[in-house]
Q: 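One structure, pasted below without further comment.
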Amino acid sequence: MKVLVTGGAGYIGTHTLVELIAAGHEVVVYDNFCNSSPKAIGRVEELVGQEVPVVRGDIRDRACLDRAFAEHSAEAVIHFAGLKAVGESYRQPLSYYDNNVTGTQRLLEAMEDAGVRTIVFSSSATVYGEDAPVPYVESMGRGRPSNPYGGTKAVVEQMIEDLVRADDRWSASLLRYFNPIGAHPSGRIGEDPQGVPNNLMPFLTQVAVGRLPELSIFGDDYLTRDGTCERDYLHVVDLALGHLKALEAKSAPGVAAFNLGTGKGTSVLEMVATFESVTGQQIPYCIAPRRAGDLPASWADASKARLELGWSAEKTLEDMMRDSWRWQSANPEGYGG
Ligand code: NAD
Ligand code: UD1
């Protein structure tokens with residue numbers, strides 16, 4: 001199948017390109033490189049041994065989207081493009097709604113006009129909202145978004161559901177990711193956040209490589225096993241494979257949401273201890289106040305993806321730590337090095 005991959009130069013996009021090409025699919029990347037480097041595409045090309053066609057464009061640019069569909073005759077879209085920094089989304093909510101919501105609307109309009117009606121969308125566990133009990137199950141529906149970024153994901157899910165219900169030629173998968181970490185086992189592609197990382201795993205590896213002095217653990221007084229927050233971390237290669245399963249399952253029209261997680265929570269202290277034991281690196285850390293907006297615990301009930309897509313996360317926490325460290329230690333400055 002020929003797949004247009006928006007945001008294909010990003011962290012999850014690059015890993016998905018590798019798995020798509022390995023499975024025999026054709027790809028074309030559509031990215032404006034606002035949060036990624038063209039070097040990442042070069043690394044993907046090196047891994048897959050072939051050229052990866054790229055359209056440099058914005059998903060809000062309808063004319064550019066139309067040209068991309070006309071020139072590349074894609075049959076489906078995997079839609080990663082969007083802004084994802086929670087803190088920034090509080091400061092610039094309109095920019096988040098513009099990129100993520102208006103951008104997706106433009107993309108859906110261009111797909112409709114091009115007759116491409118299969119989409120796999122990058123959603124997030126954040127759509128379950130602040131009050132949902134763990135584990136999160138798809139049947140719970142969406143809750144109150146805890147931040148503007150989460151709000152954009154909920155609106156886009158709703159927009160896609162409305163579209164599919166209005167026209168049964170459309171087929172859509174809403175993939176609700178939990179906490180993707182890790183990197184390709186080659187160490188050639190991985191996560192390369194701009195500035196100081198917000199997320200735990202890149203912060204931890206940047207401490208280990210000496211770019212940052214110590215990790216602040218945000219709160220140790222939660223009602224969890226050891227007082228620190230628990231999250232469902234999954235390997236980015238497993239997540240990439242989830243997109244293939246969703247794409248391949250989409251012969252029938254309709255819309256369906258799937259949790260992509262391991263079904264298991266790990267605390268921040270357990271993350272630090274596992275990283276240290278797998279890599280032999282010591283992580284200096286301190287206990288800091290809670291971070292606003294953090295939930296004590298979040299993990300998936302991942303049985304729907306297993307039963308309906310035949311997907312489950314295979315890689316262990318040790319694999320995630322080893323691969324994150326291989327990427328960070330071989331590329332201390334990310335793609336900028
Ligand atoms: P990323 O920032 O590494 O990749 C996103 C890519 O989209 C980048 O290459 C960026 O340049 C591109 N992009 C952004 N806005 C664009 C626009 N208007 N037009 C064209 N390209 C644009 O992020 P990621 O971690 O790979 O995440 C991919 C998707 O998955 C995002 O939609 C994100 O919200 C979602 N998601 C990520 C996580 C996570 O923890 N990484 C969790 C849940 C959901
Ligand atoms: C965060 C976002 C979520 C988004 C996801 C992926 C918030 C409140 N949530 O999820 O909406 O979908 O990233 O981009 O921002 N931690 C530390 N020290 C650090 C960093 C993190 O202790 O320096 C802790 C956090 O308190 C949390 C855990 O590590 O308990 C994981 O944090 P993070 O990687 O940011 O992911 P989430 O908070 O789950």
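Please read all numbers here as calculations on a predicted model, not as lab measurements. Indexing begins at 1, ligand by ligand and atom by atom, following the structure's order.
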Q: Where's the contact between S298 and ligand 2, heavy-atom distance under 4.0 Å: side chain, backbone, both or neither?
A: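 Neither; no heavy atom under 4.0 Å.
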Q: Within ligand 1, which atoms have a heavy atom of F33 less than 4.0 Å away?
A: 11 (O)
Q: Report, in ascending order of atom number, the atoms of ligand 1 lying under 4.0 Å from any heavy atom of S124.
A: 43 (C), 44 (C)
Q: How does S123 reach ligand 1, if at all, at less than 4.0 Å between non-hydrogen atoms: by side chain, backbone, both, or neither?
A: backbone
Q: So if I count the atoms of ligand 2 from 1 in the order they appear, which ones are less than 4.0 Å from some heavy atom of S124?
A: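 In order of number, 12 (O).
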Q: Return yes if a side-chain donor-acceptor contact under 3.5 Å exists between E75 and H25, otherwise no.
A: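 Looking only at side-chain atoms, H25 and E75 do not form any donor-acceptor pair under 3.5 Å.
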Q: Fit a plane to each ring of W325 and F275, take the angle between them on a 0 to 90° scale, and name the class: parallel (under 30°), tilted (30 to 60°) or perpendicular (over 60°).
A: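 Ring orientation of W325 relative to F275: perpendicular.
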Q: Run the numbers for me: atoms of ligand 1, each under 4.0 Å from some heavy atom of A9, listed by number.
A: 9 (O)
Q: Pick one of side chain, backbone, both or neither for how Y11 approaches ligand 1, counting any non-hydrogen atom pair under 4.0 Å.
A: both
Q: Based purely on interatomic distance, does N35 place a nitrogen or oxygen under 3.5 Å from a nitrogen or oxygen of ligand 1?
A: yes
Q: Could you tell me whether some N/O pair between L200 and ligand 2 is separated by less than 3.5 angstrom?
A: yes
Q: Against heavy atoms of N198, which atoms of ligand 2 measure under 4.0 Å?
A: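 Those atoms are 20 (C), 35 (O).
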Q: Give a yes or no on whether L307 atom CG has more than 12 heavy-atom contacts from other residues, nucleotides or ligands under 6.0 Å away.
A: yes
Q: Which of the atoms in ligand 2, numbered in the order shown and given with their element, are less than 4.0 Å from a heavy-atom of V86?
A: 2 (C), 3 (C), 7 (C), 9 (N), 11 (O), 15 (O)
Q: Using a strict 4.0 Å cut-off to heavy atoms of G10, name the atoms of ligand 1 that fall inside it.
A: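 So the answer, numbered in order with elements, is 3 (O), 4 (O), 9 (O), 26 (O).
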Q: Would you say N259's side chain and Y136's backbone share a donor-acceptor pair under 3.5 angstrom?
A: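 Indeed, once roles are kept as given, a pair shorter than 3.5 Å links the two residues.
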Q: Which one of V127, N199, L215 has a non-hydrogen atom at the shortest distance from atom 33 (P) of ligand 2?
A: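 When every heavy atom of V127, N199, L215 is considered, N199 comes closest to atom 33 (P) of ligand 2.
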Q: Nearest to atom 19 (N) of ligand 1, what protein heavy atom do you find, and at what distance?
A: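 The closest heavy atom on the protein side is I59 N, 3.0 Å.
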Q: So, for C286 and E214, which heavy atoms are closest and what is the spacing to 0.1 Å?
A: SG-OE2, 3.4 Å
Q: Would one find an N or O of F218, backbone or side chain, under 3.5 Å from an N or O of ligand 2?
A: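 N/O-N/O distance under 3.5 Å: yes.
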Q: When you measure from the heavy atoms of D58 to every atom of ligand 1, does any distance fall below 4.0 Å?
A: yes
Q: With nothing but distance in play, are any N or O atoms of K153 less than 3.5 Å from an N or O of ligand 1?
A: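 Yes, since at least one N or O of K153 sits under 3.5 Å from an N or O of ligand 1.
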Q: Cationic tip of R290 within the cone over Y222's six-membered ring, i.e. under 6.0 Å and within 45° of the normal?
A: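 Pair R290/Y222 counts as cation-pi.
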Q: Considering only non-hydrogen protein atoms, determine which one is nearest to atom 32 (O) of ligand 2 and report residue, atom name and distance to 0.1 Å.
A: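 Protein heavy atom at minimum distance: R291 NH2, 3.5 Å.
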Q: With heavy-atom distances below 4.0 Å as the criterion, list the atoms of ligand 2 near N179.
A: 36 (O), 37 (P), 39 (O)
Q: Please say whether F178 places an N or O atom under 3.5 Å from an N or O atom belonging to ligand 1.
A: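 Looking only at distances, the answer is no, because the N/O contact criterion of under 3.5 Å is not met.
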Q: Does the distance from a Lys or Arg side-chain N to an Asp or Glu carboxylate O, for E88 and R91, drop under 4.0 Å?
A: no
Q: Using a strict 4.0 Å cut-off to heavy atoms of S36, name the atoms of ligand 1 that fall inside it.
A: 8 (C), 9 (O), 11 (O)
Q: Which residues satisfy the ring pair (Phe, Tyr, Trp, His ring centres under 6.0 Å) test with F33, sequence neighbours excluded?
A: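 So F33 forms no ring pair (Phe, Tyr, Trp, His ring centres under 6.0 Å) with any residue.
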Q: Which atoms of ligand 2 are found less than 4.0 Å from any heavy atom of Y149?
A: 12 (O)
Q: Any side-chain donor-acceptor pair under 3.5 Å between R60 and Q105?
A: no
Q: Please check if atom CZ in R144 has more than 12 non-hydrogen atoms from other residues, nucleotides or ligands closer than 6.0 Å.
A: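 No, the 6.0 Å shell around CZ holds no more than 12 heavy atoms from other groups.
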Q: Does any N or O atom in R231 lie less than 3.5 angstrom from one in ligand 2, N or O only?
A: yes
Q: Could you tell me, atom by atom, which parts of ligand 2 come under 4.0 Å of a heavy atom of C229?
A: 30 (O)
Q: Is there a heavy atom in C34 that sits closer than 4.0 Å to ligand 1?
A: yes
Q: Please work out which of E191, Q194, K84 has its closest non-hydrogen atom nearest to atom 41 (N) of ligand 1.
A: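 Comparing heavy atoms across E191, Q194, K84, the nearest one to atom 41 (N) of ligand 1 lies in K84.
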Q: Under 6.0 Å between the ring centres of H243 and F80?
A: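 Yes.
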Q: Classify the ring geometry between H79 and F121 as parallel (under 30°), tilted (30 to 60°) or perpendicular (over 60°).
A: tilted
Q: Is there a donor-acceptor contact under 3.5 Å linking the side chains of S267 and E230?
A: no
Q: In the protein, what heavy atom is nearest to atom 29 (C) of ligand 1, and what distance, to one decimal place, separates them?
A: F80 O, 3.2 Å
Q: Is the Lys NZ or Arg CZ of K304 less than 6.0 Å from the centre of F258's six-membered ring, within 45° of the axis?
A: yes
Q: Do R43 and Y335 meet the cation-pi criteria used here (NZ or CZ under 6.0 Å from the six-membered ring centre, within 45° of the axis)?
A: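 So R43 doesn't make the cation-pi contact.
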Q: Answer yes or no: is there a side-chain heavy-atom contact under 4.5 Å between T16 and V5?
A: no
Q: Using a plain distance cutoff, I'd like to know if Y177 has any nitrogen or oxygen under 3.5 Å from a nitrogen or oxygen of ligand 1.
A: no
Q: Using a strict cut-off of 4.0 Å, indicate which atoms of ligand 1 neighbour a heavy atom of Y149.
A: 33 (C), 34 (O), 35 (C), 36 (N), 43 (C), 44 (C)
Q: Please give me the minimum heavy-atom distance between D323 and A183, naming the atom from each residue.
A: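 What the structure gives for the nearest pair is CB-O, 3.3 Å.
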Q: In the protein, which heavy atom is nearest to atom 24 (C) of ligand 2, and how far is it?
A: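 Ranked first by proximity to atom 24 (C) of ligand 2 is V268 CG2, 3.8 Å.
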Q: Specify the protein heavy atom at minimum distance from atom 18 (N) of ligand 2: its residue, its atom name, and the distance to 0.1 Å.
A: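 For atom 18 (N) of ligand 2, the nearest protein heavy atom is S216 O, 2.7 Å.
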Q: What part of N32 sits under 4.0 Å from ligand 1 if we count only heavy atoms: the side chain, the backbone, both or neither?
A: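 The answer is both.
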Q: Are R326 and D319 close enough for a salt bridge, meaning some N to O gap below 4.0 Å?
A: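 The answer is no: the pair does not qualify as a salt bridge.
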Q: Taking only heavy atoms of S122 into account, list the atoms of ligand 1 that are under 4.0 Å away from them.
A: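 Once the distances to S122 are compared, the set is 29 (C), 30 (O), 32 (O), 35 (C).
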Q: State, without any angle test, whether E112 and W170 hold a side-chain donor-acceptor pair at a distance under 3.5 Å.
A: yes
Q: Output the list of atoms in ligand 2 that are nearer than 4.0 Å to some heavy atom of D294, sorted by atom number.
A: 8 (C), 25 (C), 26 (O), 38 (O)
Q: Within the 4.0 Å heavy-atom shell around I217, which atoms of ligand 2 are there?
A: 22 (O)
Q: Quick test: of every protein heavy atom, which one is nearest to atom 15 (N) of ligand 1, and how far off is it to 0.1 Å?
A: N99 OD1, 3.4 Å
Q: Just let me know how Y177 lines up against ligand 2, side chain, backbone, both or neither, with a heavy-atom cut-off below 4.0 Å.
A: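 For Y177, no heavy atom sits under 4.0 Å from ligand 2.
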Q: Is it true that G150 lies under 4.0 Å from ligand 2, counting heavy atoms only?
A: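 Checking ligand 2 against G150, which is what was asked, there is no heavy-atom contact under 4.0 Å.
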Q: Can a side-chain donor-acceptor contact be found between S95 and D98 if the only test is distance below 3.5 angstrom?
A: no
Q: Give the contacting part of Y233 toward ligand 2: side chain, backbone, both or neither, where contact means a heavy-atom distance below 4.0 Å.
A: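 The answer is the side chain.
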Q: Is the closest side-chain heavy-atom distance between L244 and W311 below 4.5 Å?
A: no
Q: Between A81 and ligand 1, is there a nitrogen or oxygen pair with a distance under 3.5 Å?
A: no
Q: Can you name the atoms of ligand 1, numbered from 1 with element, that are less than 4.0 Å from a heavy atom of G57?
A: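 Under 4.0 Å from G57, ligand 1 has these atoms: 19 (N), 20 (C).
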Q: State, without any angle test, whether T228 and D220 hold a side-chain donor-acceptor pair at a distance under 3.5 Å.
A: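 Distance-only check fails for T228 and D220.
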Q: Could an N or O of ligand 1 be found under 3.5 Å from any N or O of P180, whether backbone or side chain?
A: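 N/O-N/O distance under 3.5 Å: no.
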